[in-house]
Amino acid sequence: MAIRIRILALLSAALVSTVLPARAAEIVPDAQAVVQAEVAKRCKTTAYGEDFADNVDFNNDKLVDAIFNLGAVNCDGVPGGLCGNVGCPHEFYIQVAEGGYFLAANADLYGYELKQRYGNKVLELKANAASCGRDDSEYCVMTIRVRGAQFDTISKK
């Protein structure tokens with residue numbers, strides 16, 4: 001039980017790297033429009049790269065969810081202008097059966113991959129080494145399984 005609590009605490013720290021905005025609990029009809037409206041508040045001119053939005057069922061509930069990579073935004077002429085020294089903001093929206101999406105998590109990441117493991121999709125996140133309790137310059141690779149709105153860490157490297 002102590003190990004599970006420790007893993008959940010570390011995952012929470014990694015996924016919620018910034019304070020969630022008030023819209024976190026809201027169900028919105030168009031997640032991409034909400035994210036683009038937030039970006040428009042920070043950037044005067046924007047250009048979105050092709051890897052800005054990924055529409056995929058990452059929580060295995062047969063509904064298409066959405067992942068937004070704010071590192072794919074050219075903000076005021078600066079590619080990746082919304083990124084920081086620990087990666088780029090990523091927002092994970094889960095679609096609900098009643099219609100619409102809610103913001104389930106956000107994290108500063110260097111990237112992610114969606115992989116198939118034992119018939120289920122899992123997220124493989126590349127994060128700062130501190131997410132794995134290290135202080136070296138290598139990435140921390142975390143494998144995360146999402147069920148409903150619960151993000152569970154399967155492994156860390």
Check the pair Asp65, Asn55 against side chain to side chain contact (heavy atoms under 4.5 Å, CB included), reporting the backbone distance first and the verdict last.
CA-CA 6 Å; Asp65 306 306; Asn55 295 304; over 6 Å; no

Can you list the other members of the hydrophobic cluster that holds Leu63, where links are side-chain heavy atoms under 4.5 angstrom apart?
none

Joining Ile, Leu, Val, Met, Phe, Trp and Tyr whenever any side-chain heavy atoms lie under 4.5 Å apart, the cluster holding Val78 also takes in none

Checking Phe68 now: which residues fulfil ring pair (Phe, Tyr, Trp, His ring centres under 6.0 Å) with it, not counting sequence neighbours?
Phe52, Tyr93

Just jot down the ring pair (Phe, Tyr, Trp, His ring centres under 6.0 Å) partners of Tyr101, sequence neighbours excluded, or say none.
none

Counterpart residues, side-chain hydrogen bond (donor to acceptor under 3.5 Å, both in side chains), relative to Asp54 (two or more places apart)
Tyr112

Going by salt bridge (charged side-chain N to carboxylate O under 4.0 Å, His left out), name the residues that satisfy it together with [X], two or more places apart in sequence or in a different chain.
| X | result |
| --- | --- |
| Asp135 | none |
| Arg117 | Glu124 |
| Lys62 | none |
| Arg147 | none |

Less than 4.5 Å apart, side chain to side chain, heavy atoms only: is that true for [X] and [Y]?
| X | Y | answer |
| --- | --- | --- |
| Val35 | Glu91 | yes |
| Tyr110 | Leu125 | no |
| Cys140 | Lys157 | no |
| Val146 | Asn60 | no |
| Ile154 | Val122 | yes |
| Asp152 | Gln150 | yes |
| Val64 | Val56 | no |
| Leu123 | Ile67 | yes |

Could you tell me whether a side-chain N or O of [X] sits under 3.5 Å from a main-chain N or O of [Y], the two making a donor and an acceptor?
| X | Y | result |
| --- | --- | --- |
| Asn128 | Val86 | no |
| Asp57 | Asp61 | yes |
| Lys126 | Gly87 | no |

Locate the shortest heavy-atom distance separating Cys83 from Pro89; write the atom from each residue and the value.
CA-CD, 4.1 Å

Correct closest heavy-atom pair for Ile94 and Ala149 would be CD1-CA, 3.7 Å

Are [Y] and [X] connected into the same hydrophobic cluster when the rule is that any two of I, L, V, M, F, W, Y join if their side-chain heavy atoms are below 4.5 Å apart?
| X | Y | answer |
| --- | --- | --- |
| Leu103 | Val28 | yes |
| Leu109 | Val141 | no |
| Leu70 | Val34 | yes |

Asn69: side chain to side chain contact (heavy atoms under 4.5 Å, CB included) partners, not counting sequence neighbours
Asp51, Ala72, Cys88, His90

Residue set satisfying side chain to side chain contact (heavy atoms under 4.5 Å, CB included) with Glu138, at least two apart, ordered chain then number -> Arg134, Asp136

With a 3.5 Å cut-off and sequence neighbours excluded, list the donor-acceptor pairs that the side chains of residues 42-50 form with protein atoms.
none

In Å and rounded to the nearest 0.5 Å, what is the CG to CD1 distance from Leu114 to Ile144?
12.5 Å

Measure the acute angle between the ring planes of Phe58 and Phe92, then classify it against the limits of 30° and 60° as parallel, tilted or perpendicular.
perpendicular

Worked check of side chain to side chain contact (heavy atoms under 4.5 Å, CB included) between Lys121 and Lys115
CA-CA 5 Å; Lys121 293 183 180 104; Lys115 297 198 170 182; over 6 Å; no

